[in-house]
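Index from 1, following the sequence. All values below were derived from every heavy atom in this structure, side-chain atoms included, with hydrogens, water molecules and symmetry-related copies excluded.
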Amino acid sequence: MAQQQTGSRKRKAPAVEADAESSPSQGLAAADGEGPLLLKRQRRPATCRSMVHYLKVREVGGWGPAGLQGFDGEMRGYAVQRLPELLTERQLDLGTLNKVFASQWLNSRQVVCGTKCNTLFVVDVQSGHITRIPLLRDREARLAQDQQGCGIHAIELNPSKTLLATGGENPNSLAIYQLPTLDPLCLGDRHGHKDWIFAVAWLSDTVAVSGSRDGTVALWRMDPDKFDDTVAWHSEVGLPVYAHIRPQDVEAIPRAIINPSNRKVRALACGAKNQELGAVSLDGYFHLWKAQSTLSRLLSIRLPYFRDNVCLTYCDDMSVYAVGSHSHVSFLDLRQDQQNIRPLCSREGGTGVRSLSFYRHIITVGTGQGSLLFYDIRAQKFLEERASATLESSSGPSGRKLRLACGRGWLNHNDFWVNYFGGMEVFPNALYTHCYNWPEMKLFVAGGPLPAGLHGNYAGLWS
């Protein structure tokens with residue numbers, strides 16, 4: 001991004017990151033092999049041999065399937081409740097990359113990320129090694145050159161983790177890669193969006209939806225038969241070959257009366273059970289679409305907090321959407337006539353909610369102030385720190401909100417930093433993205449400085 005001119009003229013306050021508002025990899029774990037069936041006597045499950053498991057299983061009624069399922073659910077609920085306070089941070093060195101906007105786990109040690117400087121890469125969280133992934137190019141290279149400075153805002157894996165959807169070299173285009181090899185599969189370019197793609201969601205293994213700053217949502221269908229001859233081979237000059245596709249349907253977000261010019265689609269979330277798609281636009285509305293062979297809008301709702309609605313997630317267990325705004329998280333239970341879950345206030349200096357994720361009944365909140373908060377949607381309160389145990393009492397809630405503060409990351413000490421922030425050394429990072437690896441109880445968190453002119457990055461593995 002171009003640096004600001006220096007001088008004695010009065011300078012305006014730096015803008016908040018406009019993109020915030022508004023890499024071959026190792027294969028996935030192989031499936032378990034089939035073994036001989038036990039016909040005469042069924043063995044006890046050997047998943048765990050701890051005394052805790054033995055006692056709890058005996059308590060819930062033996063080794064039957066119902067008892068095991070009930071106990072496993074209880075243990076997972078306990079784990080998600082206690083895990084955040086046990087996490088410790090190890091920062092990852094990303095060099096001079098600028099602001100990580102999106103991330104997803106590929107396997108137990110690799111995370112794929114996208115940045116504001118339009119870099120798609122895979123980082124090995126154990127070794128710290130970074131592998132850059134070539135971006136897919138439009139058929140008309142001129143279009144990509146006209147869209148510099150946006151970056152990659154969305155990365156999503158399909159349910160079976162065989163395809164990855166993200167942005168192309170032109171941020172208006174939808175790029176699809178095969179997993180685990182990250183070979184290019186196809187690119188939706190000139191027949192799709194006319195502005196930056198801000199969000200992607202998978203409705204099934206072969207159907208994806210993208211949301212754009214041009215105020216449209218597009219439905220894309222990946223036909224495996226059509227692409228079989230275009231994958232995993234290269235042209236004579238060594239360049240990857242991939243198909244160019246067009247969307248099956250494109251629909252526009254309705255214009256609001258209050259703010260008709262700001263209907264940019266900022267976030268998407270899929271309710272797979274009902275084949276529904278939630279979308280948040282920057283004019284302060286939530287839109288619900290029925291997604292089948294085409295997109296059919298069901299309703300539009302004015303959100304209670306309509307400033308900087310930039311992230312959206314969906315809880316399958318409770319059928320609830322959560323929307324992150326400038327200072328609150330609002331919950332939408334569309335099965336109820338009235339909302340029984342009150343909004344939560346992040347109270348993080350008005351820097352906004354920048355990333356959200358659900359796991360069971362706990363929602364993780366990444367803020368613009370470099371902190372992670374955890375909210376129990378069933379109890380409708382934040383998780384609290386545990387007080388230290390004493391001789392007289394065991395450890396219990398301290399009454400203080402559990403808050404994980406992320407490290408400093410890297411900041412470019414350029415002229416913009418000097419002129420507008422006076423060389424301030426410590427600057428909190430906005431946590432634009434986070435993703436869990438729950439089987440191994442790891443959390444990847446990444447972002448960068450919130451002001452648009454500042455260049456820097458943060459990435460950390462919490463485990």
Side-chain angles (χ1 to χ4, degrees), residues 15-22 98-104 113-120 135 144 147-156 164-176 188-189 192-203 208-220 247 250-253 256 259 261-270 277-287 289 295 303 306-314 321-326 352-357 366 368 430-435 446-448 450 452:
V16 170
E17 178 60 59
D19 308 284
E21 75 162 34
S22 43
N98 190 20
K99 300 180 185 178
V100 181
F101 284 154
S103 65
Q104 289 290 330
C113 303
T115 72
K116 182 182 179 181
C117 54
N118 225 39
T119 301
L120 182 68
L135 298 177
Q147 297 289 341
Q148 297 298 318
C150 163
I152 298 172
H153 287 267
I155 298 175
E156 293 294 335
L164 180 149
T166 185
E169 183 180 71
N170 178 356
N172 304 355
S173 302
L174 180 72
I176 307 295
D189 43 15
H193 299 292
K194 308 304 180 185
D195 210 335
W196 305 345
I197 290 177
F198 269 158
V200 178
W202 286 93
L203 300 175
V209 178
S210 54
S212 169
R213 203 172 70 155
D214 65 4
T216 64
V217 289
L219 186 146
W220 310 81
V250 179
E251 297 292 336
I253 295 290
N259 194 3
S261 63
N262 197 21
R263 55 173 182 161
K264 305 168 185 176
V265 180
R266 189 55 187 87
L268 299 172
C270 176
L277 179 79
V280 168
S281 51
L282 287 180
D283 56 5
Y285 277 82
F286 170 85
H287 311 272
W289 303 76
L295 293 167
L303 293 165
F306 47 84
R307 184 180 175 188
D308 288 349
N309 289 291
V310 299
C311 48
L312 174 70
T313 189
Y314 181 75
Y321 290 92
V323 184
S325 69
H326 184 68
V353 176
R354 299 296 161 181
S355 57
L356 288 173
S357 70
L431 305 182
Y432 295 117
T433 179
H434 67 264
C435 51
L450 187 62

(message) I'd like to know if the side chain of N172 reaches the main chain of I197, judged simply by a donor and an acceptor atom lying under 3.5 Å from each other, with no hydrogens or angles considered.
(response) no

(message) I'd like to know if the side chain of S103 pairs up with that of H434 as donor and acceptor (distance under 3.5 Å, no hydrogens or angles considered).
(response) no

(request) Mind listing the closest non-hydrogen atom pair of C311 and S355 along with its distance? (result) SG-N, 3.9 Å

(request) State, to 0.1 Å, how close S325 and N309 come at their nearest heavy-atom pair, and which atoms those are. (result) CB-OD1, 3.2 Å

(request) Starting at CD1 of I152, measure out to OG1 of T166 and round the result to the nearest 0.5 Å. (result) 4.5 Å

(request) Considering non-hydrogen atoms only, spot the tightest contact between T115 and C117 and give its length. (result) OG1-SG, 3.0 Å

(message) Tell me every residue that passes ring pair (Phe, Tyr, Trp, His ring centres under 6.0 Å) with Y321, counting only those two or more places apart in sequence or in another chain.
(response) F286, Y314

(message) Testing the basics here: between L450 and K99, what is the closest heavy-atom pair and its distance to 0.1 Å?
(response) O-NZ, 4.2 Å

(message) Side chains of I253 and V265, heavy atoms from C-beta outward: is any pair under 4.5 Å?
(response) yes

(message) Do I155 and L120 have side chains that approach each other closer than 4.5 Å (heavy atoms only, starting at C-beta)?
(response) yes

(request) Decide yes or no for R266 and S281: does some side-chain heavy atom of the first lie under 4.5 Å from some side-chain heavy atom of the second? (result) no

(request) Verify whether one side chain among S212 and W196 offers a donor that lies under 3.5 Å from an acceptor in the other. (result) no

(message) With a 4.5 Å cut-off on side-chain heavy atoms, are V217 and W289 touching?
(response) yes

(message) So which atom in F101 and which in T433 form the shortest heavy-atom distance, rounded to 0.1 Å?
(response) O-CB, 3.7 Å

(request) With the side chain counted from C-beta on, respond yes when L164 and I176 share a heavy-atom pair under 4.5 Å apart, and no when they do not. (result) no

(request) For W202 and A208, work out which heavy atoms get closest and say how close. (result) CE3-CB, 3.8 Å

